[in-house]
Number of protein chains: 2
Amino acid sequence: MMTPSLRKQHERCADCGIRNRAVCSYCGPQELGLLDTIKFYRSYDPGQEIVAAGEQTDFLGSVVEGVVSLSKTMPDGRRQMVGLMFASDFVGRPMRPIAPYDAVAVTPVRLCLFNRGRFERLLKDTPVLEKRLLEMTLDELDAARDWMLLLGRKSAREKIASFLAILARRAASADNVDADDGFFFDLPLTREQMADYLGLTIETVSRQITALKKDGVVEFPDARRCRVPDFVALLDAAGEDSDGGMID
Amino acid sequence: MMTPSLRKQHERCADCGIRNRAVCSYCGPQELGLLDTIKFYRSYDPGQEIVAAGEQTDFLGSVVEGVVSLSKTMPDGRRQMVGLMFASDFVGRPMRPIAPYDAVAVTPVRLCLFNRGRFERLLKDTPVLEKRLLEMTLDELDAARDWMLLLGRKSAREKIASFLAILARRAASADNVDADDGFFFDLPLTREQMADYLGLTIETVSRQITALKKDGVVEFPDARRCRVPDFVALLDAAGEDSDGGMID
DNA sequence: CGATATTTTGACCCGGCTCAACCCAAGTGG
DNA sequence: CCACTTGGGTTGAGCCGGGTCAAAATATCG
């Protein structure tokens, strides 16, 4: 059930790969030491459920590696992804023990977790933690609102292009490669998951990707690897302003 | 430009109508006194712009009365509403001085505002303020995610029904009337604004409202006033589970 | 009362959904 | 080694929900 290879059981917070991007990034050595004593790790295989909608969650924490999807399902089975969490993103909502959506591991995932009660007590006593959490929540809200524009007003082609632009941007800032010849990155999602992300069907996702390939906006060495030769052209296909893309 | 009737210039925080729902709701008498000295009010007419996307905002605060819409516009003019703020909701993002969307007064609006720098300093020194703000931001994120499901997966009819259900719920809890014979409420939005909220066109909004009337799910004494005789029927039309509606 | 904005209604069309077939790579077991 | 399955992914044909364009009906307001 759990991949042993992911089981690096305990890691010092100070040496952690997400140490300066996660909730804990404003913590000093002292608070970090405290976190060290109460955190624990848990690993999940692709497709494995982390929490189900409506369920009580007794833990919350950070994505250390891998990708987690959050999604809502209607009574008749229609599904919409509402969150896509990468390394250093925070999963779980303090003060709200009931999960309003499913969280599922998209890739192999490792989480750094805290007991809910303990974390909430710690939050109260650690302003820097709370401040960082507020910041991250505001960022997520911004992302959610961009996403709403995508879902409500963009065409299928624009949706696909927008999604690829998000991944390209992520890849560029993560690998901090300054793209001598376009951006390369892997699609972490299946076509079905992309459809759930974008409010489309698999077929439409596939067709629009084909169309973008045909137009030379993107290249796919294989179905899961993508190259963007001209980022501005991609933004253009996404219906976005050609500027606000890469500046941080 | 500003409606004089809205100009009750200064009100003691302790007597404020939104005192126990807004950001300040966890503040004690001491913190409240401090807020009293630095807050100021500003009023807006329907349709008046509060901040424009891309603009620097030097203030932020609470909606005291009225309704404010937040919306994003694409280069070609397509618009999507991404937030709808009522009395006690917080407007503006601490630590992010550039507004990523337009904020517009939908009805006559009165805001209780703070200078950005002063508020951010206050936040740092007042954990209860920050805690409340975090809570409110998490709630907004939840609302945004419900909204994403609506935009991505619901039919036009379901979208309209969902929106009316939100308003009915608000009305029921605000007027704390236990609906002896259905819920009554006013639509704060024009058809165009509803269309922007729901990712539809005006025409489709109009048609689907007509259809819901014809099916007896809702009644419209006039174009802006609505009665819901059977809330469960409305939830059903919204494609939602018939339970999770009214419980808080 | 005209004049302007908002809402409704109608006719038509198209983008994306549905249904169905097919392709391809990776297992799996005989 | 090959036959068979399984899970993505792609492609095609046809349809329909919601968009577009146009006009009528209904407020709202000097």
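Letters A, B, ... mirror the listed sequences (proteins, then strands); counts begin at 1. Note that the structure is a prediction, hence the values are computed from the model and not measured.
Heavy atoms of B:R157 sit nowhere under 4.0 angstrom from any nucleic acid atom. Note on B:R78: nothing from the nucleic acid sits closer than 4.0 angstrom, heavy atoms only.
Within residues 147-156 of chain A, no residue is approached by DNA chain D to less than 4.0 Å at the level of any non-hydrogen atom. Contact check of residues 199-216 of chain A against DNA chain D (heavy atom, cut-off under 4.0 Å) returns A:E203, A:S206, A:R207, A:T210.
Without hydrogens or angle criteria, A:Q208 side chain to A:V205 main chain gives no donor-acceptor distance under 3.5 Å. A:T210 places a side-chain N or O within donor-acceptor distance of the main-chain N or O of A:S206, the cut-off being under 3.5 Å. The closest donor-acceptor contact from the side chain of A:S43 to the backbone of A:R110 lies at 3.5 Å or more, if one exists at all. Side-chain N or O atoms of A:Q80 include one that pairs as donor or acceptor with a backbone N or O of A:Y197 at under 3.5 Å.
B:D236 meets the side-chain contact (heavy atoms from CB on, under 4.5 Å) test with no other residue; sequence neighbours excluded. Partners of A:T201 by side chain to side chain donor-acceptor pair (under 3.5 Å), not counting sequence neighbours, listed by chain and number: A:T204.
Chain B approaches DNA chain C within less than 4.0 angstrom (heavy atoms of the protein), and the contacting nucleotides run 5' to 3' from C:dT7 to C:dA11. For DNA chain D, the contact window with chain B, defined by any atom under 4.0 Å from a protein heavy atom, covers D:dG18 to D:dC21 in 5' to 3' order.
For residues 204-217 of chain B, the salt bridge (charged side-chain N to carboxylate O under 4.0 Å, His left out) pairs, not counting sequence neighbours, are B:R157-B:D215. The side chain to side chain donor-acceptor pair (under 3.5 Å) analysis of residues 66-75 of chain A, with sequence neighbours excluded, yields the pairs A:K72-B:D146.
Just one of B:I209, B:L212, B:D230 meets the side chain to side chain contact (heavy atoms under 4.5 Å, CB included) condition when paired with B:V217; it is B:L212. Checking each of A:R79, A:R78, A:R191 against A:D196 for a side-chain hydrogen bond (donor to acceptor under 3.5 Å, both in side chains) leaves exactly one that passes, namely A:R79.
A salt bridge links A:R96 and B:D139; the closest N-O separation between the charged side-chain nitrogens and carboxylate oxygens is under 4.0 Å. Looking at A:E140 and A:R93, no side-chain N of the basic residue comes within less than 4.0 Å of a carboxylate O on the acidic one, giving no salt bridge.
Helix bend of the helix from C:dC1-D:dG30 to C:dG30-D:dC1: the angle between its two end axes, each built from five pairs, comes to 30° after rounding to 10°.
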Just distance, no hydrogens or angles: give the donor-acceptor pairs under 3.5 Å from side chains in residues 53-63 of chain B, sequence neighbours left out.
from  : atom 1 : to     : atom 2 : distance (Å)
B:E55 : OE1    : B:A52  : N      : 3.2
B:T57 : OG1    : B:P97  : O      : 3.1
B:T57 : OG1    : B:R116 : NH2    : 2.7

Which pairs would a plain distance check flag for residues 221-228 of chain B, meaning a side-chain donor or acceptor within less than 3.5 Å of a matching protein atom at least two apart in sequence or in another chain?
from   : atom 1 : to     : atom 2 : distance (Å)
B:D222 : OD1    : B:R224 : N      : 2.8
B:R224 : NH1    : B:L187 : O      : 3.3
B:R225 : NH1    : B:D186 : OD1    : 3.0
B:R225 : NH1    : B:D186 : OD2    : 3.2
B:R227 : NE     : B:E219 : OE1    : 3.1
B:R227 : NH1    : B:D181 : O      : 2.5
B:R227 : NH2    : B:E219 : OE2    : 3.4

Which atom pairs, one a donor and one an acceptor, fall under 3.5 Å between side chains of residues 159-166 of chain B and the rest of the protein, sequence neighbours left out?
from   : atom 1 : to     : atom 2 : distance (Å)
B:K159 : NZ     : B:L198 : O      : 3.0
B:S162 : OG     : B:K154 : NZ     : 3.0
B:S162 : OG     : B:E158 : O      : 2.7

